[in-house]
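This chain uses plain numbering: 1 for the first residue, then up along the sequence.
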Amino acid sequence: PNADFILFVGDLVKESNEEYWREFFYAGGWIFGMIPSVPAPGNHEYDEHVFQSRTFSKHWNQIFTMPQNGPSEKFKNRLYYIDYQGVRFVCVDSPAYADNSEDDETIRSWLDKTLADNPKRWVVVFTHYPVYYCCQGRDEKQYQDPAKAIFENHGVDLVLQGHDHTYCRGQNLPNADANSKNHPMYIVSIAGGKMNGLNTSFWSDRYASNTQLYQNISFSSDTMSFQAFTVAGDLYDDFLIVKNKDGINRIIESPEIKGIDPRVELPEGEEEKYTDEELMKYRQKFQDK
């Protein structure tokens, strides 16, 4: 109730039409009239066409008015940044990436410049597609590899992501750039009811399947606090990022989460997405959970 704003990482609606947007605002009710929304687009904010290229939601710019500091009118309200109380929040429309080479270069160049010219102590990127996938069977290498390089080159503190209908949190240090000043903490989460199974790459330190979650994130000059809760209000994940005077981060996990069993149940119908070998790997990983 004391949030300064609500941040969304895409797929606010299943399809961008009047019916689904009406449901979205009905669900938010008076809360959306009291607390600002800060959204990133997801792939479901695009209209899919069988015989022509996809088009971006005609509703988005009628609903949201975000800072006009993006690279062009085309990306109005979907590539932007907000500087707020010592934090730069950077919105990236990742589903627009790899649509065509000209757009890719525009997004890369703008993102690189926005992070390089950041005067704030903290930086958070929020976007729909994950750098490291959390559910089984995803692959967006055209976006993942360039985005990872830019995030790690600029030492982004936190990367908030969606798309995978699961929960993962970690830095994936074996795959991190050794030259990065700070290794980003990558978060993938899901608020809605659609669920997928966890990826058998198992890159994350904390994970969940078949679980709806929301997060409370707060900042001070030297500490970022991150907590994830189930929709029932139960704590599921909890850690701090502490930044020293030289800007180097240290991760401190709350001892409380060690007593919270990970939720790893495969949602109904998800087993068919795994090979027999992958299912065995999954069960071996979680057999005691």
Side-chain angles (χ1 to χ4, degrees), residues 5-25 27-28 32 35-49 52-82 88-112 114-115 123-131 133-135 138 140 142-144 146-148 150-151 156 158-166 186-192 194 196 214-215:
F5 55 86
I6 306 170
L7 191 150
F8 298 95
V9 294
D11 286 2
L12 282 68
V13 290
K14 183 179 179 181
E15 296 176 27
S16 187
N17 59 37
E18 296 286 346
E19 178 184 355
Y20 282 114
W21 282 113
R22 189 180 300 116
E23 288 187 18
F24 176 79
F25 285 105
F32 287 163
I35 303 177
S37 294
V38 177
N43 56 296
H44 282 267
E45 273 73 59
Y46 282 79
D47 301 318
E48 298 289 347
H49 295 287
Q52 64 187 60
S53 61
R54 62 182 187 160
T55 56
F56 186 65
S57 166
K58 67 181 181 181
H59 298 87
W60 188 270
N61 289 333
Q62 297 173 1
I63 294 170
F64 299 112
T65 303
M66 310 313 296
Q68 301 305 298
N69 47 28
S72 65
E73 179 68 18
K74 178 177 181 177
F75 292 107
K76 176 182 177 182
N77 299 323
R78 48 191 174 125
L79 288 176
Y80 62 89
Y81 65 87
I82 296 173
R88 172 158 288 188
F89 294 89
V90 182
C91 174
V92 179
D93 180 6
S94 47
Y97 198 87
D99 214 24
N100 66 64
S101 58
E102 184 178 341
D103 285 351
D104 293 356
E105 178 56 34
T106 297
I107 294 170
R108 279 197 308 268
S109 176
W110 175 84
L111 179 59
D112 193 51
T114 299
L115 294 175
V123 58
V124 176
V125 171
F126 59 106
T127 187
H128 189 61
Y129 287 161
V131 165
Y133 274 102
C134 193
C135 85
R138 300 276 203 196
E140 295 286 349
Q142 284 180 286
Y143 163 76
Q144 291 170 295
K148 174 182 180 294
I150 294 173
F151 298 160
V156 170
L158 193 64
V159 182
L160 303 174
Q161 307 146 114
H163 192 53
D164 276 2
H165 303 270
T166 48
Y186 295 101
I187 311 287
V188 178
S189 191
I190 173 63
K194 179 183 174 183
N196 292 332
Y214 67 93
Q215 289 76 42

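- No more than 12 heavy atoms of other residues, nucleotides or ligands shown are found within 6.0 angstrom of CD on Glu102.
- Under the side-chain hydrogen bond (donor to acceptor under 3.5 Å, both in side chains) rule, His128 has a single partner from His163, Gln161, His44, which is His163.
- Annotation: side chain to side chain contact (heavy atoms under 4.5 Å, CB included) contacts of Ile6 (sequence neighbours excluded): Phe8, Ile31, Phe32, Ile35.
- In this structure, the side chain of Asp11 engages the main chain of Asn43 through a donor-acceptor pair within 3.5 Å.
- The backbone N or O of Ser16 lies less than 3.5 Å from no partner atom in the side chain of Glu45, so there is not a single donor-acceptor pair.
- Looking at every heavy atom in both residues, Phe64 comes nearest to Ser37 through CE2-CB, 4.4 Å.
- Under a 3.5 Å cut-off, the side chain of His165 and the backbone N or O of Asn196 do not form any donor-acceptor pair.
- Across all non-hydrogen atoms, the minimal contact from Val156 to Val123 is CA-CG1, 3.6 Å.
- From Leu160, atom CG reaches atom OH of Tyr186 across 12.0 Å, with rounding to the nearest 0.5 Å.
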### Query
How far apart are the C-alpha atoms of Ile82 and Phe5, what are their side-chain angles, what is the distance that settles it, and do they pass the side-chain contact (heavy atoms from CB on, under 4.5 Å) test?
CA-CA 12 Å; Ile82 296 173; Phe5 55 86; 5.9 Å; no
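- Tyr133 is not listed as a side-chain neighbour of Val188, based on a closest heavy-atom distance of 4.5 Å or more.
- Within the model, atoms OG of Ser57 and CD of Gln62 stand 8.0 Å from one another, a figure rounded to the nearest 0.5 Å.
- Among all heavy-atom pairs drawn from Ala40 and Val92, the shortest one is CB-O, 4.4 Å.
- The heavy-atom pair separating Pro130 from Gly162 by the smallest distance is CG-O, 3.4 Å.
- Under a 3.5 Å cut-off, the side chain of Asn17 and the backbone N or O of Tyr20 do form a donor-acceptor pair.
- In this structure, Ile190 CD1 and Asp164 CG are separated by 9.5 Å, a value rounded to the nearest 0.5 Å.
- The ring of Tyr129 has its center no closer than 6.0 angstrom to the ring center of Tyr97.
- Looking only at side-chain heavy atoms (C-beta outward), Trp110 and Ser72 stay at 4.5 Å or farther from each other.
- Put simply, the side chain of Phe25 reaches to within 4.5 Å of the side chain of Ile63, judged on heavy atoms.
- The heavy-atom pair separating Asp104 from Ala96 by the smallest distance is OD1-O, 4.2 Å.
- Here Leu12 contributes atom CG and Trp21 contributes atom CH2; the two are 5.0 Å apart, rounded to the nearest 0.5 Å.
- Under the side chain to side chain contact (heavy atoms under 4.5 Å, CB included) criterion, Glu18 pairs with Arg22, His59, sequence neighbours left out.
- Distance NZ/Lys74 to CZ/Phe56: 11.5 Å, rounded to 0.5 Å.
- The shortest heavy-atom contact between Met66 and Val38 is CE-CA, 4.1 Å.
- Looking at Arg88, its side chain does come within 3.5 Å of a backbone N or O of Thr114 through a donor-acceptor pair.
- With rounding to the nearest 0.5 angstrom, the CG atom of Leu115 is 11.0 Å from the OH atom of Tyr81.
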